[in-house]
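Whatever order the structure lists ligands and atoms in, that order sets their numbers, starting from 1.
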Amino acid sequence: MATWNNLDTLASYKKLAGLKNHVDIKEAMSGENGATRVAKYSAPMAEGLSFNYAAKQVDDTVLAALAELAEESQLADKFEELYNGAVINTGEKRLVLHHLARRQLGTDVVVDGVNKRDFYVSQQQKAADFANKVHAGEITNAAGEKFTTVVQIGIGGSDLGPRALYIALENWAKENGVAKMEAKFISNVDPDDAAAVLKSTDLAHALFIVVSKSGTTLETLTNEAFVKDALTKAGLNPANHMLAVTSETSPLAKSDDYLEAFFMDDFIGGRYSSSSAVGGVVLSLAFGPEIFARILNGAAEEDKLAANKNILENPDMLDALIGVYERNVQEYPSTAVLPYSQALSRFPAHLQQCDMESNGKSVNRFGEPVNYVTGPTIFGEPGTNGQHSFYQLLHQGTDIVPLQFVGFKNSQIGMDVVIEDSTSQQKLCANVAAQIVAFACGKKDENLNKNFEGGRPSSIIIGEQLTPESLGALLAHFENKIMFQGFLWNVNSFDQEGVQLGKILAKRVLAHDTDGALKSYSDLLNI
Ligand SMILES: O=P(O)(O)OC[C@H]1O[C@](O)(CO)[C@@H](O)[C@@H]1O
């Protein structure tokens, strides 16, 4: 059994803390040194991706210290315990089994007589069979016509991951002839969200998936009622159009209001649920079950690498360790995720939840306050758009923000044009290469307003093309990175008590049970 200790009690962490500013990234990345580092500091990921960390503030000395930290904090052992069914989510006393939904790692985990791997696989099979029947016209609307659109109703983890994955493959699927149904998403309780989707949807040919693990989320239940109302007003029976994805213990599971229900369980956290029926039903309907299976295979391949004890061969663990060095030793408060891929436009939004809801904690896994900083603020946008937005601060602002670039050599659609001797794809890739060096090396100017200090660290994940497999590997990489960071900070990355208070106060506002500032704001907002 691994032992769980606070980061600041570890001898290896104290050693690492002595390496503050050990690498001058400006110097390290300039001239031939830079070229050597780009070739040297790269770790293969699954599905042809690679994690290049040449422009991070590391060298062999820092890497050796990070390896000691990985060993002393037993990261590999903790991961092994997690996927073999230990109660890692101490706050809720739950197992953490999203890796098992990808099928490949670990022994069989049996809970209350149920083999969990078999359970997840059976739900995936159920989703696959259902999707195949919809595509074949064996499950139709009341008029016997095929469904053409699928709308997911959910929020947080029941929206962000699946939506990011759908958008990531939407164009790829059309290009590769596997686009089966258009997918849309309703998440916000703002009535304009549901209204806009419903107004642009042919209701008679639409399936709606209500996705809520708990089955109690206010926004989702409100939007479900909103959609049912619209269906009824259109003369349609909601029970012929609505599906549910939920846990077997949720109130939704007991309802007969759905054409079909698919299950996950409490051992898969919302923000880690894209690999379960939460992502599986909508993506199998949109692209076909084979494509969803390919995403899972990509994730499973990355998970295998995450089990490696050698940090130089474990890009997920290495990325996590470098992130902790940046956060706790270098004291950088935030991290930007910058995919140079329009298809990944919602991926940073997914990571915002996955990372900040997991590691935005001030107490350790035993409920005791920690004396060090934990999860950074995560934000991001695709490049090159971000360059024309917030990169000013990243280049010349007073805070140093570590950057995580993602880039692909080839576009998904392949349509391109040569303008001034280069394609658009080449321009995209040229920009990410330029940014890495500009951030690291800067450029001296006598005019301080035009001076670039440099010394701003970044890494890049590079792939051939964004495909189902590489997308799955990318998803798993960040999930695993976040998990390892939680281990290092000794926090429970799998609960989210911090979201409760706002929900409770909102209920009080709606019940007119307010006083003080809560009453004043309620009055100001005319509630
Ligand atoms: O799937 P559910 O239970 O509706 O929860 C949705 C989201 O709400 C949260 O609980 C936060 O409020 C997230 O953790 C979760 O992903």
> Could a heavy atom of Gln500 be found less than 4.0 Å from some atom of ligand 1?
Replying inline: no
> At a 4.0 Å cut-off, with the gap strictly under it, does some heavy atom of Glu219 reach an atom of ligand 1?
Replying inline: no
Checking [Y] against [X]: is there a side-chain donor and acceptor pair closer than 3.5 Å?
{"X": "Asp319", "Y": "Gln404", "answer": "yes"}
{"X": "Tyr272", "Y": "Ser358", "answer": "yes"}
{"X": "Asp495", "Y": "Asn89", "answer": "no"}
{"X": "Thr107", "Y": "Asn84", "answer": "yes"}

> At what distance is the nearest protein heavy atom to atom 11 (C) of ligand 1, and which residue and atom is it?
Replying inline: Glu357 OE2, 3.5 Å
> Closest non-hydrogen protein atom to atom 3 (O) of ligand 1, residue and atom name please, with distance?
Replying inline: Ser214 OG, 2.6 Å
Relative to the heavy atoms of [X], which atoms of ligand 1 are at a distance of less than 4.0 Å?
{"X": "Lys503", "result": "10 (O), 11 (C), 12 (O)"}
{"X": "Ile155", "result": "6 (C), 7 (C)"}
{"X": "Val499", "result": "11 (C), 12 (O)"}
{"X": "Ser212", "result": "1 (O), 2 (P), 3 (O), 4 (O)"}

> Is the centre of the Tyr340 ring less than 6.0 Å from the centre of the Phe405 ring?
Replying inline: yes
>> Could you check whether Phe130 and Phe262 have their ring centres less than 6.0 Å apart?
In response: yes
> Would you say ligand 1 has an N or O under 3.5 Å from any N or O of Thr217?
Replying inline: yes
>> Evaluate Gly157 for polar contact with ligand 1, using N/O atom pairs at a separation under 3.5 Å.
In response: yes
> Is there a salt bridge (charged side-chain N to carboxylate O under 4.0 Å, His left out) between Glu301 and Lys304 once you walk through the steps?
Replying inline: CA-CA 5 Å; Glu301 289 304 309; Lys304 279 190 206 158; 3.1 Å; yes
> Considering only heavy atoms, does Lys213 approach ligand 1 within less than 4.0 Å through its side chain, its backbone, both, or neither?
Replying inline: both
> Applying the side-chain contact (heavy atoms from CB on, under 4.5 Å) test to Thr246, which of Thr220, Leu252, Val210 qualifies?
Replying inline: Leu252
